[in-house]
Amino acid sequence: MAFAAEPGFRGWFIHNMAPIMFAALVVFLLLGYPVAFSLAANGLIFGLVGIWLGLFEPSFLQALPERVYGTMNNEVLLAVPFFTFMGLILERSGMAEDLLDTIGQVFGSVRGGLAYAVIFVGALLAATTGVVAASVISMGLISLPIMLRYGYDRRVASGVIAASGTLAQIIPPSLVLIVMADQLNRSVGDMYEGAFLPGLILASLYAVYIFLVSTIFPGAAPGLPLEAQTLRDPDQKSGPSRVLGAIAAAGFAYLIATGSLPGLTAGLLPGIANTLAWGVVAFLLLYYVLSGAAKLLTPSLFITLALAIAIGIFLMWESGVKFGADFVVLTMSATVGLAFVIAVLNRVFRLRLLSKLAEQVVFVMVPPLALIFLVLGTIFIGVATPTEGGAMGSVGALALALARGRLKFDLMRQATYSTAKLSAFVLFILLGARVFSLTFYGVDGHLWVEELLVSLPGGQVGFLIAVNALVFVLAFFLDYFELAFIIIPLLGPAADKLGIDLIWFGVMLAVNMQTSFMHPPFGFALFFLRSVAAKVPYIDRVTGKRMEPVTTGQIYWGAVPFVCIQLVMVALIILFPGMVTHYKSGGVQLDQKQIQQQFDNLSPGLDMPPPPALNFGNPQ
């Protein structure tokens, strides 16, 4: 509705009611009132003020019950409690502890190996739990004492643990992506598929940072000493580790160079040069890791890797899936299935194909990876909706906990209570946002925001720079749920009007909002780590040495490089939108010319003139 301009303070207030509402909301939040109640109170107060000023009728507020019931009937939001419950069951069943212990042994001999293990396990936990607090607290309790024991710099150790835990907000099944899709009125499955590759690339950037730190400052991230490698076979030789690592790295580099990733930079280099560049980069990164890990593994494991690579190449060419998250999930599932079969045969028939460490790696990693395929694979290939995938994931998590002998009543009670608490938290914020948005839309606040953003200089580029700067600054004070419910509904219509793909826009903002967990001094991931890190000197239980505590300043300084990496990831998404928009490649593309041709073939006489009228004479 448009309001006629009036002179004086009344006219000024009516004209600027939308920004005044927003400013009042900021004041309520700064005073410390809960977000849900601040949103609802602002909506009701300014709704009554609008009725008093004659902006709308009292019946205007009768739309509130419909908006509340519309939120309660939203089936998309059912995925939130399902994925939360799945993550809490897995976290409390000890999966994180087993993963960190085993993967730490694999990478431990490499400089920065424990940090690589934390990043790897953080990505794996993100794809199974989707809960930042669970990931950061688990890795902080388990990995931080070990990293300090073997001489890791406290800033590096605390930063990599906090940053790896925040991967749960960008790697599906992330809760914030569900909320983002709901607020932008887009498919959760598309949002998951679009965010999958950026999440993996962000984890890779963390690993590149650790590689640079461990290369430039070797003392900041040393490798594990031989006596700490408890899963190493006594009679195991180092073997031709460099050769085996090169073979495995070359195979995986081939998969990467001919699979999904080259399409992200297709516009920068010609086809062959682009593929070659990806292959060289992938080979160098993978060779360093695999040749170091080969010192702890046996040649038979690399034969297994070679078979997995061959299956991945075969599936890539036979299935026609060569791009995006579908390709990653497909090849990962084939590799996991083959490794599990070989590990079972090795244990049952005592074939000695795998070392003790390799066998332990397979049996520890296969269950969560199988759960990832059950959830994400079924969503990506279109078999299940995100809500159904979450339900299957919850059942799968219960089955894994039962198989490990850790499914007890107390675990179920804690997980159910925490799920209900988090779900109610999300729902109350959403209900408050609905009340606020009703009045805000009633005074044309959405049009005010849209005109403000669309009129920014620079078109789409100027809009994206301004929006990312706004979200980055607000992330210092608001967490990701608050940003998703308050800011995203205001930014989405403006982005849509500028012709921006909303899935791409949502993933970009999700990476930006991820910094809200890492911002000193209010980042929640930093608070979670502070709660479990040593605050006073202590005696290490293994070495018996006196260990100094981890200071809050060290945690904050450790987080700064990873905040910069997250901002670099935002820039990469803007520069290479293909890493998100690949989700469209799996959709059905309709050719309008072919459709028209089929209609013409079915009814060739539609364009012909009608037949002459029949004359039956006058009625008798």
Side-chain angles (χ1 to χ4, degrees), residues 112 115-116 118-119 122-123 126 132-133 135-137 139-140 143-144 147 152-171 174 176-177 180 195 198-214 216-217 220-221 464-484 487 506-531 533 550-575 579:
Y116 291 131
V118 167
I119 295 170
V132 172
S135 299
V136 174
I137 291 174
M139 293 190 293
S143 294
L144 186 58
M147 298 173 83
Y152 271 69
D153 184 271
R154 282 164 167 73
R155 291 169 296 182
V156 174
S158 58
V160 73
I161 289 173
S164 300
T166 62
L167 290 173
Q169 288 315 298
I170 189 60
I171 295 180
S174 164
V176 72
L177 292 178
M180 188 79 71
L200 296 183
I201 294 173
L202 181 60
S204 301
L205 291 180
Y206 290 167
V208 170
Y209 170 72
I210 295 299
F211 171 76
L212 294 175
V213 169
S214 61
I216 300 172
F217 307 104
L464 293 174
I465 293 174
V467 164
N468 279 290
L470 173 66
V471 172
F472 181 75
V473 172
L474 289 177
F476 277 93
F477 312 103
L478 303 176
D479 71 5
Y480 61 101
F481 274 131
E482 296 162 0
L483 288 169
I487 303 300
V507 172
M508 179 193 67
L509 289 186
V511 177
N512 196 333
M513 289 160 56
Q514 193 180 0
T515 60
S516 67
F517 282 95
M518 297 291 291
H519 276 314
F522 303 117
F524 282 96
L526 308 183
F527 290 158
F528 297 146
L529 184 59
R530 175 71 280 175
S531 67
V550 179
T551 66
T552 303
Q554 289 169 340
I555 294 176
Y556 285 170
W557 281 112
V560 170
F562 292 94
V563 173
C564 296
I565 292 173
Q566 290 169 345
L567 295 179
V568 168
M569 189 66 220
V570 174
L572 290 177
I573 292 176
I574 295 175
L575 292 174
M579 70 174 65

If you take all heavy atoms of [X] and [Y], which pair is closest and at what distance?
X	Y	answer
Ala115	Ile210	CB-CG2, 3.7 Å
Tyr116	Ala207	CE2-O, 3.5 Å
Gly112	Ser214	N-CB, 4.2 Å
Leu167	Gly122	CD1-C, 4.2 Å
Ala157	Leu144	CB-CD1, 3.9 Å
Met579	Pro198	O-CD, 3.5 Å

Quick one: list whatever passes side-chain contact (heavy atoms from CB on, under 4.5 Å) with Asp153, sequence neighbours left out.
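Expected list: Arg155, Val156, Ala220.
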Who passes side-chain contact (heavy atoms from CB on, under 4.5 Å) against Ser164, sequence neighbours left out?
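So Ser164 forms a side-chain contact (heavy atoms from CB on, under 4.5 Å) with Val118, Ile119, Met139, Val160.
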[X] side chain near [Y] side chain, heavy-atom distance below 4.5 Å:
X	Y	result
Ile170	Val507	yes
Thr551	Trp557	no
Leu572	Leu205	yes

side-chain hydrogen bond (donor to acceptor under 3.5 Å, both in side chains) partners of Thr515, counting only residues at least two apart:
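side-chain hydrogen bond (donor to acceptor under 3.5 Å, both in side chains) check on Thr515 returns His519.
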Check side-chain hydrogen bond (donor to acceptor under 3.5 Å, both in side chains) between Ser204 and all other residues, then give those that pass, not counting sequence neighbours.
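With neighbours one apart ignored, the set is empty.
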Which value, rounded to the nearest 0.5 Å, describes the distance between [X] atom [atom1] and [Y] atom [atom2]?
X	Y	atom1	atom2	result
Leu567	Met569	CG	CE	12.0 Å
Met508	Ile574	CE	CD1	5.5 Å
Met513	Gln566	CE	CD	12.5 Å

Look only at the side chain of Ser143 and the backbone of Gly140, and say whether a donor-acceptor pair between them is shorter than 3.5 Å.
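Pair absent, no side-chain N/O of Ser143 close to backbone of Gly140.
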Would a distance-only check, ignoring hydrogens and angles, find a side-chain to backbone donor-acceptor pair under 3.5 Å from Gln169 to Thr166?
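Not at all, since once roles are kept as given, no pair shorter than 3.5 Å links the two residues.
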Which residue in the set Leu464, Leu470, Ile465, Val471 passes side chain to side chain contact (heavy atoms under 4.5 Å, CB included) when paired with Asn468?
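That would be Leu464.
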Going by side chain to side chain contact (heavy atoms under 4.5 Å, CB included), Leu509 matches just one of Val570, Ile573, Val467. Which one?
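Only one of Val570, Ile573, Val467 forms a side chain to side chain contact (heavy atoms under 4.5 Å, CB included) with Leu509, namely Val467.
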Does Tyr209 have any ring pair (Phe, Tyr, Trp, His ring centres under 6.0 Å) partners at least two apart in sequence or in another chain, and if so, which?
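For Tyr209, the residues satisfying ring pair (Phe, Tyr, Trp, His ring centres under 6.0 Å) (neighbours in sequence not counted) are Phe562.
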